[in-house]
Amino acid sequence: MDFVIFAFIVAVFAAVIAASSKRTQAVRQAWARAAVQLGLTAGGSTFRPMRLDGTIGGLAIAVDVYTTGGKHKTRWTRYRATFPRPGTALLLRRQTGLSRITKLFGATDLEIGDAEFDDAFMIKAESDQQAAQYLTMQRRSLLLRLFSIYREVNLTPDYFEIITRGYETDPGRLITTTRRLVSAARVLAGLHGEDGRMEKALQRRAAGDMAEAAAALRGAAEDLRRGAATGDLEEPLLEAELLAGSGQIDEARPLLARLSEELPADEEVAGLQRALDRMSPETPAPDAADVDMQELLDDLFVSNRLSFETTEIFDEHYVGRHVAWSGRLKSLRDYNNDLDFGRGPATKLVVAIAQVEHDLYGAAEVDAVVSVPQGSASHLERGALVRFEGHLLKADSMMRNVFVRDARLS
């Protein structure tokens, strides 16, 4: 009897060892496949975690695994890009509940005047001016986007890193996160040789011109092949999001198909493709019941949703519905033809309609971009209270804009 028990224990032990060995081999193969695709060198052994090392786009890249905790240990996968030379003397880390509390007791945290960004990150630099000069609209937009996707992003003068929970075993995710890291780090290190298209596009987007922002990036699709070689993917990613968000389905599809080859496990790219599958180039859905503003704000702009998730929710529940809202006028301009609203003549208003408390970013303003008949707003001045009603057309989660077509002032 004792022999049977002993044999059973030995068999169980052997099975556990075999299963562990099989898992270890699978992990090694996954990291080796990722290394080949990325042009990096894979290291590690049976008793040491895997790691990737090498150079991409002029940056030293290291992907490794480390463990934290005492009795209950947690593993993390760290993706780090080291800059070829020291950058701006600036430290940037994710803002947490603890860091917000320490600020109340005098901890230093610079602010650059962008409320959303200031609420999202702890910023340390020699001066507010230095931080604001370095953190251009392109860099702020990039960091906020990554902040929405990954648990932790850190920037120092010497390196940029992304940290994910767990020991990553999927080669597609290893490839995708490494390429997102490289693309971002090249922008942060000043290695991305862009000609100002991104800044121009983001400025147009911030002004409520979503389709014009996409037009400012024309050529990004053609540059994707070149960008893939150097690691520059930010322009194609932004153009794809803007094209999808502004309903330009035929233009968005081929660009997303190329991006999915470069980023096989990217949730933004996959999500935008799903959003396109749900969209139709036809006229927006017929009117339904009036939209309650707070309901829309809670659905679209409070939780930490990516752009494609906002698009899916908007298309399913809000497109074409009637609204009757009010707010303070921020800007207006006449147009004869607008890429967002189509043919005029008409006037495009940007109206601040609400302030929300975002789950991650803190306080954030929501604007309505409204098309009204030309001449009907000529009496309005900036800051005036505006009451309008019309029909919802689309939403932009990054800028927290909702577009209202065929509107009239009331």
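These numbers come from the heavy atoms of this one structure, side chains and all, not from hydrogens, waters or symmetry mates.
The number of heavy-atom neighbours closer than 6.0 Å to CD of Gln355, taken from other residues, nucleotides and ligands shown, is above 12. With a 6.0 Å radius and a threshold of 12 heavy atoms from other residues, nucleotides or ligands, Glu267 has its CD atom above the threshold.
The closest donor-acceptor contact from the side chain of Asp340 to the backbone of Ala211 lies under 3.5 Å. Without hydrogens or angle criteria, Arg400 side chain to Met398 main chain gives a donor-acceptor distance under 3.5 Å. Here the side chain of Arg179 pairs a donor or acceptor atom with the backbone of Glu262 at under 3.5 angstrom. Judged purely by atom type and a 3.5 angstrom limit, Ser260 uses its side chain to pair as donor or acceptor with the backbone of Ala257. Without hydrogens or angle criteria, Arg75 side chain to Thr67 main chain gives no donor-acceptor distance under 3.5 Å. Panel note: side chain Glu389, backbone His322; no donor-acceptor pair is recorded below 3.5 Å. Proximity of a side-chain donor or acceptor of Thr156 to a complementary backbone N or O of Leu91 within less than 3.5 Å is not detected.
Arg387 forms no cation-pi arrangement with Trp325, by the criterion of a distance under 6.0 Å to the ring centre and an angle within 45° of the ring axis.
In terms of heavy-atom proximity, Arg205 sits nearest to Asn401 at O-ND2, 3.7 Å. The two residues Ile123 and Ala131 have their closest heavy-atom pair at CG2-CB, 4.1 Å. In this structure, Met137 and Gln203 approach most closely via the heavy-atom pair SD-N, 3.7 Å. The shortest non-hydrogen separation linking Lys394 to Phe314 is CA-CE2, 3.2 Å. Closest non-hydrogen pair, Ala244 versus Ala252, comes out as N-CB, 4.1 Å. Nearest heavy atoms, Thr310 versus Ala395: CG2-CB, 4.4 Å.
Contact of the Phe388 side chain with the Arg408 side chain is not registered, since no non-hydrogen atoms from C-beta on lie closer than 4.5 Å. At least one side-chain heavy atom of Thr164 sits less than 4.5 Å from a side-chain heavy atom of Tyr79. A heavy-atom distance below 4.5 Å is not found between the side chains of Glu357 and Val302. Between Pro49 and Asp64 the shortest side-chain heavy-atom distance does not fall below 4.5 Å. A heavy-atom distance below 4.5 Å is found between the side chains of Tyr134 and Leu188. Here the side chains of Arg321 and Asp290 are not in contact, with every heavy-atom distance at 4.5 Å or above. Side-chain contact check for Val65 versus Trp76: every heavy-atom pair is 4.5 Å or farther apart. Within the 4.5 Å cutoff, the side chain of Val404 has no heavy atoms near those of the Leu393 side chain.
Neither side chain, Gln273 nor Asp277, offers a donor N or O lying under 3.5 Å from an acceptor on the other. In summary, the side chains of Thr347 and Asp334 do present a donor paired with an acceptor at a separation below 3.5 Å, with no hydrogens or angles considered.
Note: Leu332 CG to Lys348 NZ = 12.0 Å, rounded to the nearest 0.5 Å. A distance of 9.0 Å separates CG in Leu202 from CZ in Arg140, rounded to the nearest 0.5 Å. For the atom pair CZ of Phe301 and OG of Ser397, the computed distance is 7.5 Å after rounding to the nearest 0.5 Å. For the atom pair OG1 of Thr55 and CG of Leu40, the computed distance is 8.0 Å after rounding to the nearest 0.5 Å. Atom CG of Leu217 and atom CD of Glu241 lie 10.5 Å apart (nearest 0.5 Å). The distance from the CG atom of Leu242 to the OG atom of Ser307 is 9.0 Å, given to the nearest 0.5 Å.
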Review item, side-chain donor-acceptor pairs of residues 368-377, under 3.5 Å, at least two apart:
unit_1 : atom_1 : unit_2 : atom_2 : d
Ser371 : OG     : Tyr335 : OH     : 2.6
Gln374 : NE2    : Ala346 : O      : 3.4
Ser376 : OG     : Pro373 : O      : 2.7

Apply side-chain contact (heavy atoms from CB on, under 4.5 Å) to the pair Arg139 and Thr136, showing each step before the final yes or no.
-> CA-CA 5 Å; Arg139 286 175 174 145; Thr136 61; 3.6 Å; yes

Please walk me through it: do Leu392 and Leu296 pass side-chain contact (heavy atoms from CB on, under 4.5 Å)?
-> CA-CA 11 Å; Leu392 292 172; Leu296 179 140; 3.8 Å; yes

Stepwise salt bridge (Lys or Arg N to Asp or Glu O under 4.0 Å) check, Asp170 with Arg33 | CA-CA 10 Å; Asp170 181 271; Arg33 288 198 297 272; over 6 Å; no

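Note on Arg333 versus Asp338: salt bridge recorded, some NZ/NE/NH1/NH2 to OD/OE distance being below 4.0 Å. Classification of Glu234 and Arg145 as a salt-bridged pair fails, no side-chain N sitting under 4.0 Å from a carboxylate O.
The salt bridge (Lys or Arg N to Asp or Glu O under 4.0 Å) analysis of residues 153-163, with sequence neighbours excluded, yields the pairs Arg80-Glu161.
Remark: aromatic rings of Phe147 and Phe121 are close, center separation under 6.0 Å.
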